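The figures that follow rest on heavy atoms only: side chains count, while hydrogens, waters and symmetry mates do not. As the structure is a computational prediction, the values presented were derived from the model and not from experiment. For ligands, and for the atoms within them, numbers begin at 1 and follow the listed sequence.
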Amino acid sequence: MTPDRFDGRLALVTGAASGIGLAVATHLANLGATVLLNDLPGDALERAVETLPAASAVAADLSTRAGALELADVASEVDILVNNAGLQHVSPIESFDPNRWDLMLALMLTAPFLLIRGIIPGMYERGFGRIVNISSVHGLVASPFKSAYVSAKHGLIGLTKTVALEAAQREVDVTCNAVCPSYVRTPLVEQQLADQARIHGVSESEVLEKVLLSSNAVRRLIEPEDVARAVAYLCAPESWPMTGTVMTLDAGWLAH
Ligand code: NAD
């Protein structure tokens, strides 16, 4: 991949103040794209923008319809849309807070729908667009106690395939794909390590080895930059034949 591959391209990455989103925004910016970084308003977003060559912050709470619609409006000119913002909540279904369910579905399924809905017409008009939805290995298989997360991530794959088929009918170069990582070294996972270590009274390294990495064939955490490289690959003009696909970066989880 040449360093100027995304010169002249405008990209929007949601949840870009941290983890995978920040790595994706950084990688696309380093490859020449102008990047709009979305996240909740706050210092983390401002700090993230300052580290990048050509970037601006577009704060919005994507768990609200108003926030997602406003962002879709502000970012209607983007060539690349990466739906990444997300969060995890672990609870047995019988005590799963319905408000938490609503929030997670709004953030991880409804917001991508609203953003694609608002942004894809511009991609059709300009004849080019790349949409990458960050799903998860939990978009393809379940784990107990993650009902909202697993449901949202499965739904996001359905949305990905539907959008890919609709875009294909337009005969323009607009693709839509999903990326499905297993555990990536980000604050979202570091928090789970700390929580589970506390609950089980064991060390974080034990939780990592015996719980988090137990389904991986390769017993290693994925780095955010590994995901960023996969996203950039899908965003390249040459990746036009890849649409409606699910790219797994699961360290062999699904090979079992
Ligand atoms: P992270 O917590 O480091 O980053 C998530 C970002 O989303 C944060 O900056 C957060 O502020 C932002 N966000 C949360 N609520 C928001 C809202 N209402 N509006 C706007 N932004 C909001 O997590 P991460 O691990 O980098 O996760 C990024 C994506 O990757 C998520 O969709 C997650 O489900 C997915 N994913 C993560 C892993 C993993 O192991 N870390 C694996 C598979 C998929």
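Using modelled atom types and a 3.5 Å distance limit, the side chains of S63 and D61 yield a donor-acceptor pair. S215 and H256 form no side-chain donor-acceptor contact under 3.5 Å, judged by distance and modelled atom types alone. Side-chain atoms of T14 and N83 form no donor-acceptor pair, as typed in the model, at a separation below 3.5 Å.
Both tests hold for R9 against F128: distance to the six-membered ring centre under 6.0 Å, angle to the ring axis within 45°.
A chain of hydrophobic side-chain contacts below 4.5 Å, direct or via other Ile, Leu, Val, Met, Phe, Trp or Tyr residues, connects W101 to L159.
Residue contacts with ligand 1, taken as heavy atom pairs separated by less than 4.0 Å, do not involve A111 at all. At a heavy-atom cutoff of 4.0 Å, ligand 1 is contacted by both the backbone and the side chain of V184. Contacts of H138 with ligand 1, taken as heavy-atom pairs under 4.0 Å, are absent altogether. Within the 4.0 Å heavy-atom criterion, the part of T186 lying near ligand 1 is the side chain and not the backbone.
Closest to atom 11 (O) of ligand 1 by heavy atom, among D39, L62, L221, I134, is D39.
If you number the atoms of ligand 1 from 1 as listed, the ones under 4.0 Å from a heavy atom of V189 come out as 39 (C), 40 (O), 41 (N). Short contacts between ligand 1 and G19, defined as distances under 4.0 Å to a heavy atom of the residue, involve ligand atoms 3 (O), 26 (O). Of all the atoms in ligand 1, the ones that sit under 4.0 Å from a non-hydrogen atom of G86 are 5 (C), 7 (O), 31 (C), 32 (O). Shown in contact with N84 at under 4.0 Å from a heavy atom are these atoms of ligand 1, numbered in order with element: 28 (C), 29 (C), 30 (O), 31 (C), 32 (O). Close approach of ligand 1 to S63 (heavy-atom distance below 4.0 Å) involves ligand atoms 18 (N). The L107 neighbourhood of ligand 1 comprises atoms 15 (N), 16 (C), 17 (C), 18 (N), 19 (N), with distances under 4.0 Å to a heavy atom of that residue.
At a 4.0 Å cut-off, not a single heavy atom of Q191 sits close enough to ligand 1 to count as contact. In this structure, S182 has a heavy atom closer than 4.0 Å to ligand 1. Residue P224 places every heavy atom at 4.0 Å or more from ligand 1. At least one heavy atom of A60 sits closer than 4.0 Å to an atom of ligand 1.
Counting protein heavy atoms only, atom 44 (C) of ligand 1 is closest to S135 O, 3.1 Å. For atom 1 (P) of ligand 1, the closest heavy atom belonging to the protein is S18 OG, 3.6 Å. L188 CB, 3.7 Å is the protein heavy atom nearest to atom 2 (O) of ligand 1. At the shortest separation from atom 7 (O) of ligand 1 among protein heavy atoms lies G15 CA, 3.5 Å. The closest protein non-hydrogen atom to atom 18 (N) of ligand 1 is D61 OD1, 2.8 Å. In this structure, atom 26 (O) of ligand 1 lies nearest to the protein heavy atom I20 N, 2.8 Å.
Of all non-hydrogen atoms in M123 and G129, the two that sit nearest each other are SD-CA, 3.7 Å. Across all their heavy atoms, L249 and D226 have their closest contact at CD2-O, 3.6 Å. Scanning all heavy atoms of the two residues, the minimum distance from S182 to N216 falls at OG-OD1, 3.3 Å. Shown here for L87 and M108, the closest heavy-atom pair between the two residues is O-CE, 3.4 Å. The shortest non-hydrogen separation linking A59 to L40 is CB-C, 4.5 Å.
Residue I93 places its CD1 atom among 12 or fewer non-hydrogen atoms of other residues, nucleotides or ligands, all under 6.0 Å distant. With a 6.0 Å radius and a threshold of 12 heavy atoms from other residues, nucleotides or ligands, E171 has its CD atom at or below the threshold.
Residues P224 and L22 are not in side-chain contact: their nearest non-hydrogen atoms beyond the backbone lie 4.5 Å or more apart. Side-chain contact between P181 and V137: absent, with no pair of heavy atoms (C-beta onward) separated by less than 4.5 Å.
In summary, R185 and E190 do not engage in a salt bridge, as defined by a charged side-chain N under 4.0 Å from a carboxylate O.
Any N or O atom pair closer than 3.5 Å counts here, and S136 shares no such pair with ligand 1. For a threshold of 3.5 Å applied to N or O pairs, the pair formed by Y149 and ligand 1 contains at least one separation below that value. At a 3.5 angstrom cut-off on N or O pairs, P181 does not count as close to ligand 1. Of the polar atoms of G21, none of the N or O atoms is found under 3.5 Å from an N or O of ligand 1, judged by distance alone.
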